[in-house]
Structure formats: C-alpha cells, structure tokens
Visitor: 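First the structure, which I've put down as structure tokens, then a few questions once you've had a look.
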Amino acid sequence: MKLKKHIQRFLHNEPLKRKLYIIIFEADTPAGKLFDVILIACIITSVLIVMIESMENLTPQVSRLFIVLEYIFTAFFTLEYLTRIYCSPHPKKYINSFFGVIDLLSTLPLYLGFVFPAARHLVAIRAFRLIRVFRVFKLFGFLREGEMLLSAIYASMRKITVFFLFIVVLVIVMGTLMYMVEGSQPDTQFRNIPQSIYWAVVTMTTVGYGDITPVTAAGRFLSAFVMLMGYTIIAVPTGIVSVSMMQEQRRLDLKRCPACRKEGHETSALYCKYCGADLKDIRETESE
C-alpha cells in the first residue's frame, strides 16, 4: 500500500511536473538550455554512430563501443520520452504530435531487436536499427525557423495535396500520350503505360536519366513540351510554402503584448519578453 501511495503521489506531483516542464519544454532557463545542449549532442552523436555503423570492416572493439553507446542513448531517449509524457499538460496531444512520434521512434529500434534474437533475423534487426536516423528530425524542435517552416508546410498542406494530385493526373496523361505515340515503334522503350508514366515523372521533374528516350518526331516534340512544362510547374510548391511562411512571420510579428503593446513574440511564448506580462489573452484569442 505504501508503494502505491508513493506512486500516486509521484504521478500527481504538480510542482515536480512544473519544474520538469520548464527544463524540458522551455529553453529560457539555464537548466533548460543545458538540457537542450545535452539532447542535441546526444542526437547528433547517435546519428553519426548509425552512419559509421553502415561502413564495412569495423573492428570488434569499435563495434562493442557502439553497442554500449546505443544502450546508453536508448536509455536516455526512453527516459526523456517518458518524462515528456509525465510533465506535459496534455500527454495525449504530445504523444500524437509530430515530435512525439519522432521521440517514440528514437527509442524503438533497440527494443525491437530484443524481439528477434535469432541469428537469422539479424538483417531485419539491422533494418530496424536504421530507424534511429529519425532522431535527426528532433533538431527542428530547437530552431524557431524550423518551427515556423513546419507551421508553414502544415498550413500549405491542402494546397500542396491538390497540386500533387494534379501532377499525378498530368503525368498519367502525358505517359499515356507518349505510349500512344511511341508504343507502336519497333524495339520501343515505351513498352507499357506504367513505364511511360515513369518517363513522364523523370522528364517533368527535369531529372532526365536518359534511360528511356523517344525516337519519333512527335515523341520528341511531346518530350520537349513536358520538359518546359516541368520548369514552370516545379516552382509552384515553393511559392505556396513561401507565401505561408510570410503569413506566419507576419502573424508572429503582430503578436502584441496586452500590457506594453510591443510585438514580435514567438507562438509558444507564455510571457512577454519585454515586460514579463502574461500572454494568456493572446493565446485564447488565437485558439478561438
């Protein structure tokens, strides 16, 4: 019963949760900055280890060192993930968020390896371990510009999705037309519509591998048309995201403190960086 009481007391220890929240989720205090520096160092080091592990002819000593470091990093990232859930005001929201999923992926590979202990599954384990590269995405959480970029991409997602569907339809049409033009030629490289669609994707994105090329005049004319179209279309997503980033920057610049009336506060700011006033009224207005 005493153990149960201690667990209940720990789970509902609001002062402890608040202290941990300030350290982990905020970087305005020395402890928070130190935690962020340690976390960034661990992320970069763990990703570098993944890259080095992919190289051949590693000595047994180096391999053992990497295994020990992976256990240490996995323990650290697991503790960090559980602590974020513990001190977060909205645990479910954090777990389902982008960075919550990335944090979870940072802890899974080693545990997945325990499920496949047999030697014949070593290849599968190695594939699971490559998931550790996802840790590099956590670095975006420390950059204001990275957070603004993610917000702009999220705001543009519907437009980009519509544009992507339009491109899918366009490459299907162009691939089919090229198959109609080139498919009847002897020894043609456009043997079927899927292969022609592949050509359309490569050509429209201006990659141009050259593994499939038209031989007729009509096919070359259509190929040139698709190339020119690709130059004009490829810039559209950049424009969509750029507009969203400008709107996001304008929104940040217009975030005004109700007390001192100064602007330029970050989206996640709790207090005014000039006078220390609470920004609760602004947050409530934005949420509405």
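Just so it is clear, the structure is predicted and the values come from calculations on it, not from any experiment.
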Visitor: Membership question, hydrophobic clusters at under 4.5 Å side-chain separation (ILVMFWY): are Val207 and Leu222 in the same one?
Guide: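 Yes, Leu222 connects to Val207 through the hydrophobic network.
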Visitor: Test your reading of the model: is there a side-chain donor-acceptor pair from Thr45 to the backbone of Cys42, 3.5 Å cut-off?
Guide: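 Absent.
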Visitor: Are Leu79 and Tyr81 connected, step by step, through hydrophobic side chains (Ile, Leu, Val, Met, Phe, Trp, Tyr) whose heavy atoms are closer than 4.5 Å?
Guide: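 No, no single cluster joins them.
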Visitor: Not counting sequence neighbours, which residues clear side-chain contact (heavy atoms from CB on, under 4.5 Å) with Glu14? List them please.
Guide: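 Checked Glu14 against side-chain contact (heavy atoms from CB on, under 4.5 Å); matches are Lys17.
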Visitor: Do Phe77 and Ser46 make a side-chain contact, defined as non-hydrogen atoms from C-beta onward lying under 4.5 Å apart?
Guide: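 Result yes, sub-4.5 Å side-chain heavy-atom pair found.
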Visitor: To check you understand the geometry: which heavy-atom pair defines the closest contact between Leu58 and Ile52, and what is its length?
Guide: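 Result for this residue pair: CD1-O, 3.6 Å.
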Visitor: Rounded at 0.5 Å granularity, tell me how far OG1 in Thr107 sits from CD1 in Ile102.
Guide: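 If we round to the nearest 0.5 Å, Thr107:OG1 and Ile102:CD1 are 11.5 Å apart.
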Visitor: Atom CZ of Phe73 and atom CZ of Phe66: how far apart are they, to the nearest 0.5 Å?
Guide: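 So the gap between those two atoms works out to 10.0 Å.
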Visitor: To the nearest 0.5 angstrom, please state how far the CG atom of Asp103 sits from the OG1 atom of Thr83.
Guide: 11.0 Å
Visitor: Nearest 0.5 Å please: distance from the CE atom of Met178 over to the OG atom of Ser223.
Guide: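 Reported value, rounded in 0.5 Å steps: 5.5 Å.
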Visitor: Between Tyr179 and Ile197, is there a side-chain heavy-atom distance shorter than 4.5 Å?
Guide: no
Visitor: Donor-acceptor pair, Thr232 side chain versus Met229 backbone, under 3.5 Å?
Guide: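 Yes, the answer is positive, given that a donor and an acceptor are paired below the 3.5 Å cut-off.
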Visitor: Could you pull out every donor-acceptor pair under 3.5 Å between side chains of residues 158-174 and any protein atom, sequence neighbours left out?
Guide:
from: Thr161; atom 1: OG1; to: Met157; atom 2: O; distance (Å): 2.6

Visitor: Let me have the donor-acceptor pairs involving side chains of residues 209-220, under 3.5 Å, with sequence neighbours excluded, atom names and distances please.
Guide:
from: Asp211; atom 1: OD2; to: Tyr198; atom 2: OH; distance (Å): 2.9
from: Thr213; atom 1: OG1; to: Gln189; atom 2: OE1; distance (Å): 3.4
from: Thr216; atom 1: OG1; to: Glu182; atom 2: OE2; distance (Å): 2.5
from: Thr216; atom 1: OG1; to: Gly219; atom 2: N; distance (Å): 3.0

Visitor: Using a 4.5 Å cut-off on heavy atoms from C-beta on, say whether the side chain of Gln195 contacts that of Trp199.
Guide: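 Heavy-atom side-chain distance check fails, nothing below 4.5 Å.
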Visitor: Rounded to the nearest 0.5 Å, how far does CD1 of Ile233 lie from OG1 of Thr206?
Guide: 11.5 Å
Visitor: Considering non-hydrogen atoms only, spot the tightest contact between Ser88 and Tyr94 and give its length.
Guide: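 Heavy atoms of Ser88 and Tyr94 come nearest at OG-CB, 3.9 Å.
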Visitor: As an exercise, state the distance from OG1 of Thr59 to CZ of Arg64, rounded to the nearest 0.5 Å.
Guide: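 Rounded to the nearest 0.5 Å, the OG1-CZ separation comes out at 8.0 Å.
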Visitor: Between Thr188 and Gly183, what is the shortest heavy-atom contact and its length?
Guide: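 Closest approach of Thr188 to Gly183, heavy atoms only: CG2-O, 3.6 Å.
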Visitor: I'd like to know if Phe225 and Val201 are part of one continuous hydrophobic network [Ile/Leu/Val/Met/Phe/Trp/Tyr, side-chain heavy atoms within less than 4.5 Å].
Guide: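 Val201 and Phe225: one cluster.
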Visitor: Please tell me whether Tyr111 and Thr78 have a donor and an acceptor in their side chains that are separated by less than 3.5 angstrom.
Guide: yes
Visitor: Are Phe221 and Met180 linked, directly or through other ILVMFWY residues, by side chains that come within less than 4.5 angstrom of each other?
Guide: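 Shared cluster, no.
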Visitor: Within the structure provided, determine whether Ile22 and Arg18 are in side-chain contact (heavy-atom separation under 4.5 Å).
Guide: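 A side-chain contact under 4.5 Å exists here.
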Visitor: Is the shortest side-chain heavy-atom distance between Val181 and Phe190 below 4.5 Å?
Guide: no
Visitor: Show the numbers, then the answer: is there a side chain to side chain contact (heavy atoms under 4.5 Å, CB included) between Asn13 and Tyr86?
Guide: CA-CA 10 Å; Asn13 191 337; Tyr86 170 73; 3.8 Å; yes
